[in-house]
Structure formats: structure tokens, C-alpha cells
Trainee: 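One structure is given below, represented as C-alpha cells, and several questions about it will come after.
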2 protein chains.
Amino acid sequence: MSAPEAVVFVVGDELVDARRNDTVGPALARRLESIGCHVRSRSVLPDNVQAIVSALTQALAAEIDIVLIAGGLGPHEDDRTREAVAQSLGIELELDPKTLHRLEENYRDRGRDVPEGVRRQALRPRDAETLPSPSGTAPGFIVRRQRSLLVALPGAPREADESFTRGVLPLLRRSVAGGQTTATTVLRVAGLLAADVQRALAPVMPNSEAVRVNYLETGGEIELLLSARAQDPDEAQQQLEQVVANFESRLGGHVFARGKQSLTGVLAELLRARAWTLASAESCTGGLIGKRITDLSGASEFYVGGVITYSDEHKVRLLGVAEDTLERCGAVSAEVAASMAQGCRERLRAHVAVSVTGIAGPGGGSADKPVGLVYIGVALPDATRVARHTFGGERDAIRQWSATAALEEVRRALKDMDTLGQRVEPSEPATSLR
Amino acid sequence: MSAPEAVVFVVGDELVDARRNDTVGPALARRLESIGCHVRSRSVLPDNVQAIVSALTQALAAEIDIVLIAGGLGPHEDDRTREAVAQSLGIELELDPKTLHRLEENYRDRGRDVPEGVRRQALRPRDAETLPSPSGTAPGFIVRRQRSLLVALPGAPREADESFTRGVLPLLRRSVAGGQTTATTVLRVAGLLAADVQRALAPVMPNSEAVRVNYLETGGEIELLLSARAQDPDEAQQQLEQVVANFESRLGGHVFARGKQSLTGVLAELLRARAWTLASAESCTGGLIGKRITDLSGASEFYVGGVITYSDEHKVRLLGVAEDTLERCGAVSAEVAASMAQGCRERLRAHVAVSVTGIAGPGGGSADKPVGLVYIGVALPDATRVARHTFGGERDAIRQWSATAALEEVRRALKDMDTLGQRVEPSEPATSLR
């Protein structure tokens, strides 16, 4: 069968002009694509019945297979999705006594007054099927209309995801995918540019319609969203594992996680396993590495702190980099990166220290040392590694890539120690100094 | 007249699942709202002629006043917006010789080969009016169709904005806004929560249809987007200035800029004016303040660096905070914030130092010191100020608000010095320590 078509709507005045950023729509679009749907449009709509009705009516008239709408199911006056769905289908809303009961109980269990709007939350279009809603808020629902499946989901990201996974996905796999099942997974890659990843994967890129590969690049990391569709679940899983194996072999050690784990999370595990501490010494990233590490709650277990040495004077004063080295090699050099990492490790008394020095631009570049040139140092108990990178793009992108690459260099150094024992080989292209 | 209605489409496969974030659509939606249009939907569409045609056809059938579409005007095979517009209008594409000539010249001027796709870029639907395109890439165009104005814009953010401002805005002001003109401005606020701003402004909130106020909250800053519409440009401007004056008087010194300037940019100016340097000492923000400051290229002129002291031990070792103070008052206290700022100022030899210590959560809170409690210290040559804040929300939001509040405290301290001379009053609620 040809791929089913889908449209995604998310409702909220504050999303239209991005006073708040819509994360739910893109997440739902990715989930739909991962099971083989084609997303024909993804829209945000204001809290306006007319606008919602008009959007839904057009989608139904175009016989779109899956019409997803998220948000506007709350207890407030301006939560109008239920009404709009009913109007666009030309059917009535009716009270779902079971849902009302469950919502009321929920408020009471939490010792809170039942709000006036709770009855509104228990309304649903006639013939709609109520979706599971484990977190106890207003549930979504599904209505079938000729070729189309109209699905209304809660607007909060976690609840939308949960409702979709538990209530919608099984149904879509059965009814839309023509009995086929889809196996999905995510590979997370750091330390490579998107172009490098594409080049590396080209020879093993699956050319079957049933296997899909999507890239998502954020803050210097690359996510590979993989899915395989087949009649039989085992077959789908097997296809998927084959792709994973091919990709992993081509990408070497750069796949740092499969699934949701963040690079910092993986690094945290490696450090905790050794009961080791980490410190950072940043120049061009100006605090971004520290910020990334401490995004993780509980980072204090392994991260002791860092220094931001934005001036040469402070590289000398706070990290003990030799003035002579700065003069001879320049602040952006393998030697200074190594010396920063070593100084940081000693002065902050950490087991490992990571350093970054580079040219984030837009100014400050030269033919010898262009904008985007970044050296990363990793000081370990027995060795210091330095890696050289050249990143493209604007200031912000260069800084994000640098921070990711720094965390990745630490991760690889620790992995190599696991493999090679305490003696660690310098990374490539690298300078080993000590 | 009633407000004109608009829809915004942006074209690009990678925008649908947010592999790349769409900034053009929200920006265009805000521009339209700022001149009094109602945006009925904002959508991203894949690079697929059918999907684009279907979206445009529906918008035209619904007699939407302004149909904006951005992107898909490039020289590549998958740039299909021109074709889709022509199909949805049922008219032909024809070559615009002037545009072709200009594009070819442009490539030659830059010493580059004329690409094959250049002829495609010079096509436009019959009767379309070509929009100015100062940066020399493929220009957008406008077509009228009964009640609707269909506008195609380039997809790059800067070019979309420029085309809109120069080619579309004057036309909309004339033809859609019924001859009225709109004056717009932005007030930027820091150091206050959105709820505080709303409470403060409630008594002076304009209740005229002709004046619009939109909020945009990002990373702990609040932008107030203001617009006033009137028949006469002077009248519009006068109305706007009245709103600005009312708002500024209610928000005290918390309006840090009017227009585009960032908080860091304003701070940089204040520091440069005195030829002063800044240093940072961060605990719960873990490097975010340094990151924010160094987002500004050229920050090295005034920012010398900072320390991230995530552990108590490092607050003592790197900043000279007394162990006794840590034990007596706890790491999250006014005393420790003051001591961190003073230690940072002395050890990093800066004119001003800012410190943050707080509980970002989700763990680590208590009844006395809840998650969200944050102390900010500012050490100046003659005084140290400490401010206490309590922020709501999740870990990331608390950290973003803390970083913004820290920069804002430095800005206010410098402003107060300008007003009061070298003696600086402690901020409120505050502890003055020295």
C-alpha cells in the first residue's frame, strides 16, 4: 500500500507567533514519519473555534488518512478543540460519565477543588473513543470519519507523547499500516559533522521503501531516527537490527547511545563507574561546557566545577599556562589546550579535565588559524590528549559543536581507557604532551 | 473595518519534523499581527508540489485576505513553490527577463558560474508583481486573486524579513489596513516575572482595538511587542509613545532596552563606557552566565572570565569563601553569594564580579530553602549588593531566569552608580555586606 498521509495541528495562541515554542507538533510529526506516514503539513492554530473548524474541515475534505490535533482540551473557556471537532464533523458533543467520574476523583485525591470546567473536559463527540490518559488530565479521543482517523490529544508534551504511544500507535499500526508493524530506534552520534555521517553511511544506506532513516541535528549532536516496516514484528526488528549493525560499524565509536540517553548522561555513567570527577577549562565556549554538564540534575556527583579563561592573562593566572607557550604557539594551539587541561586538572583536583580553545568568530580568524578552528584537550591521570577540529557555520553553531566535541573527547578517552587499560593512546589528529 | 485575516506557510522538508527550527514563520506571524492582522494558521509544508498546492488552494477557497508563503524559491529541483503557486491559481509561469538578467549579473559579479537552475528562479506566475530583493537572490512576488493577496517570499530569515519590510508591508498598510498606518516598537524587560509584568501593566493596559500588546518570553527576558494603528502616521506614533511612557513608568527601571538590543549588549555598553571589566562566579547556573556573555562576539573586550564552583570545596579553594560562612549560612545564602562575588572580583582582578548560588532542582530543596531560591551577588569597587529571587518552573527555566537576573543585577548596579555616584545603595530585597 502507499504511505498513509497525515496532517498535524497544534492549538494555542502563544504558539502562532512563537511566544512559546511548539515542541509537540514536531515530535508528533517525527513519530508519524517513523512509522512510515507522510506528513503533508504541520500547523499551529490560534484558540479560535472558527480557525480550528476551518482547518479540520479542509483536512477531512482532502481525505487525509490521519488528522492529528493536539491542545485545547483543558478546562478553560478558551480550550475549544472539542467544540471545533464536533462542528467540523457535524455531530454533537455528549458527556462521557466515566471520564467525568475519573477526573473528579483525581481532583479529590489530590485534595483540590473540582473546577467548574471539569464537565467540559468530559465532553466528547458522539461515537468518539476515549484515549487512555495515565496522568489523570483530560483525555484525548479518536473519531473515524470515512477514510480519515481524527485524533485529538492533550497539548502538554509528555501527555501528548503518552497518549500517542499508548492509544494511537497500536491503532495506526493495525489500521493504517495495513497490518504491518514498525520497529523503531534512535542512534545518537557525536564528534562527526552531518556531512561526515552522510558520507560514512552512503554505502550501507538501505534502499528499501520499508526502511526509513531521518536525521536530526541539534547542538552538535546528530540523531539518526531509524524505522523498519514489515508484516511480521520479528522481521521488522531483524531488519532494523541489520541497519543498526551496518551503521554502527561504519560510524566507529561515534555512536554514543542508542535511545534517549544524552551525551552528558553517558559521560556521567562512565565517570560514576570509576568514582571519578571532572573539571572544565573553557575559552571560546565561555561556559557552555559547564552549562551542558550541569543541565543534568545530579551533576554535582561528578562535576566539581571549572574555569572560564577568556583572556590570555587568566589562562596564565588561573590555569598556570606558561606565558612563553602562549607567545610561542598562540592561545589557539594544541600546546595551550593541553596546558589548560593539565592546569585545570591539577588546580581543581579532578581526575579528568577537559579544555577548549578556539576561534568562534565572526572576527579573529586568519589564514593560518581560521574561524572555526578549535583545540580540545583532555587531561587524564597518565596522559593528555589533544584533538583538533574545524567547524563551519556561525558563532553559535561553532560554540555548540565545540562543546559537544569536548564532551565526546572525554567520553572517548574514558572508553579507550576501558579498552586499553590505563595507558591511553593520543587521539587522531592529535598531539600528546606531558 | 474588521481585522484582515492571514495564513503563513513556510516550505521545507526539514522544517516539518523540526530537523531545522522554523524561525521565519513565527517572525512573519508577529509582523502580521503587529499591523493588526489575525493569523488564522501558521504551517510548515514539505517540499512537495501536491502538498503546497493543496494548502494554497484551501486558503484561497477560504478567501483569506493575505496568504504568505516563504521558501522553495531557490535554484534546485526541490524548490517547487513557483510551480505550486501557478497550479493553485490555474495560471502559467512565465520568464521575467529583468530578473533573469539581474540574477545572471549577480553571479558574474561575484565571479561565480551561473547555475543551471537560474532560469527557474526567474519564472513567476503571469500577472505577478516581482518583489524587491536587495541581497541579490531569487526575488519573491505578489499575485492578487479576488479578495486575496498571495505573497511568495524567499525562505532565508534575513531575506524574508527584508522582502516583507520593503515589498509587502507598504502594500498591506495601504490596501489591507484600509489606508491606516501602524507604528510599532519593542520594550525589553528583565528581572521581572511575566506575572509581575502583567500585574504592573494592568492599570495602564490600553483598551482600544487600535493598540496591540503582545508578550514574548524567552530565557528569562520578556519582550513587549507594541503597535498602534491610526489614519495618520503622526497620530499612530503619538499613541504608541503614550503607551510606551505609561508602561515604562509602571515597570520602573526594568525596561533595559527599546528595540533589538540584548541585555548583554546593553551591559557591554555600560562597561565599555567606563572601560571596566567583568568576571563571573557561578554555582547553580554552571557556566550559563559566561555562555550568555560570550554569545556576544567581542565580549573579550570587557569579560575576563569566570569560575564555576559547583562544589563547596571549590567555593573555598577558587574563590576564598570562608568554610565557616558555608557551614553557618549554607552554600545557598546571601552571605555566600556576597563572598563569591568579592572573591571572584579580587582573584580575577575585574572591576565588577557577579555571582550566583541557588537551588535549580529538581532535588535539593527544603522548606527553608525551596527549589528556585537563588541569591545573586554583585561586587563593585565600593560595595557589594545581594539580591534574593525565587523562581518557579523546571530546572532549565530556573537556570535561565537566574542567568538573566544576574546580568540584570549588574546592569542595575551600574545604572545606579551613574545616578547615585560611586556610593551604591543595596538592591531590594537585599543584604549589603562588605
Side-chain angles (χ1 to χ4, degrees), chain A residues 16-20 23 25-26 29-30 33 38-46 48 51 54-55 58 62 214-217 280 282 284-295 297-300 303-311 313-314 317-318 348-349 360-363 395-396 399, chain B residues 16-20 23 25-26 29-30 33 38-46 48 51 54-55 58 62 214-217 280 282 284-295 297-300 303-311 313-314 317-318 348-349 360-363 395-396 399:
Chain A
V16 174
D17 49 13
R19 272 170 286 162
R20 192 157 60 78
T23 58
R30 281 198 290 274
E33 286 182 348
H38 285 173
V39 178
R40 279 177 69 105
S41 72
R42 176 173 66 74
S43 308
V44 289
L45 305 173
N48 173 309
S54 145
Q58 288 168 11
N214 275 321
Y215 288 76
L216 184 68
E217 194 185 311
S280 55
E282 306 185 51
C284 65
T285 46
L288 181 56
I289 294 175
K291 189 263 176 195
R292 285 272 196 92
I293 296 169
T294 58
D295 279 343
S297 102
S300 57
Y303 180 62
V304 296
V307 289
I308 305 166
T309 53
Y310 218 59
S311 75
E313 186 195 335
H314 286 78
R317 189 174 319 141
L318 297 179
L348 273 72
R349 295 189 206 165
R395 181 177 179 84
D396 184 53
R399 282 157 44 95
Chain B
V16 175
D17 49 13
R19 271 170 285 163
R20 190 158 61 79
T23 59
R30 279 198 290 274
E33 287 183 348
H38 286 174
V39 178
R40 281 177 67 105
S41 72
R42 176 173 67 73
S43 308
V44 288
L45 305 172
N48 173 308
S54 146
Q58 288 168 11
N214 275 322
Y215 288 76
L216 185 68
E217 193 186 312
S280 55
E282 306 186 51
C284 66
T285 45
L288 181 56
I289 295 175
K291 187 261 175 193
R292 284 272 198 93
I293 295 169
T294 57
D295 278 344
S297 102
S300 57
Y303 181 62
V304 296
V307 288
I308 305 166
T309 53
Y310 218 57
S311 74
E313 186 195 334
H314 286 79
R317 190 176 316 142
L318 297 180
L348 274 73
R349 294 188 207 167
R395 180 177 179 86
D396 184 53
R399 281 155 47 95

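Keep in mind it's a predicted model, so treat the numbers as computed, not measured. First the proteins, then the strands, lettered A, B, ... as listed; each starts at 1.
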Trainee: Do you know which of B/Gly25, B/Gly363, B/Ala51 has the most heavy-atom pairs with chain A at a distance under 4.5 angstrom?
Mentor: B/Ala51

Trainee: Any idea which heavy atoms bring B/Asp295 and A/Arg399 closest together, and the distance?
Mentor: OD1-NH2, 2.9 Å

Trainee: Just jot down the salt bridge (charged side-chain N to carboxylate O under 4.0 Å, His left out) partners of B/Arg317, sequence neighbours excluded, or say none.
Mentor: B/Glu313

Trainee: Does any part of the side chain of A/Tyr303, heavy atoms only, come nearer than 4.5 Å to the side chain of B/Ile308, both counted from C-beta?
Mentor: yes

Trainee: Would you mind reporting whether A/Thr294 and B/Leu288 have side-chain heavy atoms less than 4.5 Å apart?
Mentor: no

Trainee: Got a second to check how far A/Glu282's CD is from B/Lys291's NZ, nearest 0.5 Å?
Mentor: 11.5 Å

Trainee: Is there side-chain contact between A/Leu348 and B/Leu318, with at least one heavy-atom pair below 4.5 Å?
Mentor: yes

Trainee: What part of A/Ala299 gets closer than 4.5 Å to chain B, counting heavy atoms only: side chain, backbone, both or neither?
Mentor: both

Trainee: Looking at B/Gln58 and A/Gln58, what are the two nearest heavy atoms and their distance?
Mentor: OE1-OE1, 3.0 Å

Trainee: So which atom in B/Ser41 and which in A/Pro46 form the shortest heavy-atom distance, rounded to 0.1 Å?
Mentor: N-CD, 4.4 Å

Trainee: Once rounded to the nearest 0.5 Å, what's the spacing between atom NE2 of B/His38 and atom CG of A/Asn48?
Mentor: 8.5 Å

Trainee: Do you know which two heavy atoms are closest between B/Glu33 and A/Asp17, and how far apart they sit?
Mentor: OE1-OD2, 2.8 Å

Trainee: Taking all non-hydrogen atoms of both residues, which atom of A/Arg40 and which atom of B/Ser54 are closest, and how far apart?
Mentor: NH2-CB, 3.3 Å

Trainee: In terms of heavy-atom pairs under 4.5 Å with chain A, which of B/Val44, B/Val307, B/Thr285 leads?
Mentor: B/Val44

Trainee: Could you grab the distance from atom CG of A/Leu45 to atom OG of B/Ser43, nearest 0.5 Å is fine?
Mentor: 7.0 Å

Trainee: Which residues satisfy the salt bridge (charged side-chain N to carboxylate O under 4.0 Å, His left out) test with A/Arg292, sequence neighbours excluded?
Mentor: none

Trainee: Mind ranking B/Ala55, B/Ser297, B/Ala29 by heavy-atom pairs under 4.5 Å with chain A and telling me who comes out on top?
Mentor: B/Ser297

